[in-house]
Protein chains: 2
Amino acid sequence: MTDMTELIDTKDNRPYHHGDLYRAIVEAALEVLSESQSTEFSLRELARRAGVSHNAPYKHFADKRDLLAAVSAVGFELLAMRMAEATKELDGPRARLAAMARAYVGGGINNPALYRLMFGGYLGGEDDGRPIIERTAAHNMKALIVDAITCGALGRPISNTRMIDGAILVFWSQMHGLTLLLVDRLVGPSDKLEDMTENVLQGMLDGLVSSIPAVPEGVWVGPPLAG
Amino acid sequence: MTDMTELIDTKDNRPYHHGDLYRAIVEAALEVLSESQSTEFSLRELARRAGVSHNAPYKHFADKRDLLAAVSAVGFELLAMRMAEATKELDGPRARLAAMARAYVGGGINNPALYRLMFGGYLGGEDDGRPIIERTAAHNMKALIVDAITCGALGRPISNTRMIDGAILVFWSQMHGLTLLLVDRLVGPSDKLEDMTENVLQGMLDGLVSSIPAVPEGVWVGPPLAG
DNA sequence: CCTCAAAGTTGCTTATGTCAACATTTTGCG
DNA sequence: CGCAAAATGTTGACATAAGCAACTTTGAGG
């Protein structure tokens, strides 16, 4: 269990009535989410767990969507930490990439509901322009992948951004897809996760080493930054 | 727009009070789903649209989850049709696989909420053993991919089931991941979908042609059949 | 015809999201 | 220090939803 205490973005730290409701609510949400594996919990339930009245959370979150966005952001931070942790002691860029892949897939399996929430459209809100926070969180995560690739995970250092994006696109979709198929039990069993990841990764990296498909003009890879 | 009239699995066809509420409700759900791009509509809303009382749907669906499972099943059928349609006139197995990939990704982009619903855990219900229907629907879809691969999409016919599953695992996760990254706008823009699909597909197929990673012992690929 | 089960209806209970008005605490500032 | 304003939290209310129960209508089959 990674310690997530530092992660939650408390707007301020002055101990008030409750002390730190914002954090308490987000933590409760993470709890309920991983217990029930569903986002269909109620704000009131979270309030109850935090020992406050049913309307207190509204002083910190505009609505449920807003709360879920915050949870999603924490999820991205956790995943990024997992990936950073997994690669910390590793030198070879390829080994690092492989470790990241394992961490990525493992993180998803570990808490499917959180993973689905993170990638489930709560950060796409171009429509109502609400959540910006988790975009940057997702972006941080991407940076880790970029790093491994530029440093030569594909046999040589890469600097052409089109190619970097191309490689990331392949790597990321592959891992993302594998994770979700595992999460949704369309492939499995998930205790063979390591083998499967290794397998898929191996093939993909071989393919990338022989030819990196540069991304077409105008394509972006990674969450679009605010604006 | 594909005609989906035939797809919906009406339990029986006797025209009763309403005539065919089951179908009407599922159709309403598909409508609302693609309009609102959210599964957070109410059964009552569907009942309203179908012109029946708020409780009528419960004669056809045990609960909301059950209804969503049925919708999900239709989604799989639609996707399978799209894929079949896209490959109908094509001979070369590789061209067929590419066309299927385009259809798969395109189908997701076309109705993100439906796609998320399909792959969003409503068919994993080992926990409560509810939905079986959509598993087989998903399975039918897989068959199309198997076909293309066994027929030589990777340069030669493949018959080793471990290798077939390995190839499908790679192909499927890659397409699935790409689709969801596009759907969630983590990569884009989605009007460059064709280019990106082609790109990713190209690299992946090249990789597969040179070496097909056989799946490890005990791994399954595709929805586990009932039981 | 007449009975019965399927299909649909009305009404109730409990729970939720969210708004509004009110109470309390903290902070910032003269 | 002292107080006004902002930040937090509370109570109450409203509209709406899920789902259960009891009742009514309708079509099918003996």
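Computation of the quantities below employed the complete heavy-atom set of this structure, encompassing side-chain atoms and omitting hydrogens, waters and symmetry-equivalent molecules. The sequence lines fix the lettering, A, B, ..., with proteins before strands; numbering per chain opens at 1.
Atom pair A:Leu46:CG and C:dT16:C1' shows a separation of 12 Å (rounding to whole Å applied). Between A:Lys59 atom NZ and C:dT18 atom P the separation is 15 Å, expressed in whole Å. At whole-Å resolution of the value, CG in B:Asp66 and P in D:dA18 are 14 Å apart. Between the OH atom of B:Tyr58 and the P atom of C:dC12 there is a distance of 18 Å, rounded to whole Å. B:Arg23 has its CZ atom 17 Å from the C1' atom of C:dA7, to the nearest Å. Summarising the geometry, the separation between CG on A:Leu21 and P on C:dT25 is reported as 15 Å, rounded to the nearest angstrom. In this structure, the CG atom of A:Asp20 is 16 Å from the P atom of D:dA7, given to the nearest Å. Remark: C1' of C:dG17 and CG of A:Leu68 are 13 Å apart, rounded to the nearest angstrom.
Using a 4.0 Å cut-off between charged nitrogen and carboxylate oxygen, A:Lys88 and A:Glu85 count as a salt-bridge pair. Classification of B:Glu217 and B:Arg162 as a salt-bridged pair holds, one side-chain N sitting under 4.0 Å from a carboxylate O. Comment: A:Glu27 does not engage A:Arg49 in a salt bridge, judged by the lack of any side-chain N to carboxylate O separation of less than 4.0 angstrom.
Cation-pi contact between B:Lys59 and B:Tyr22: absent, since separation from the ring centre below 6.0 Å together with deviation from the ring axis within 45° is not met.
Counting heavy atoms of neighbouring residues, nucleotides and ligands inside a 6.0 Å radius, atom CD of B:Glu35 exceeds 12 of them.
Closest to the side chain of A:Asp63, from the set C:dT18, C:dA7, D:dG19, is C:dT18.
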Check: protein-nucleotides 13-17 of chain D nitrogen or oxygen pairs below 3.5 Å:
{"unit_1": "D:dA17", "atom_1": "OP1", "unit_2": "B:Ser42", "atom_2": "OG", "d": "3.1"}
{"unit_1": "D:dA17", "atom_1": "OP2", "unit_2": "B:Arg48", "atom_2": "NH2", "d": "2.8"}

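Using a 30° and 60° split on the angle between ring planes, B:Phe119 and B:Phe76 fall in the perpendicular class, above 60°.
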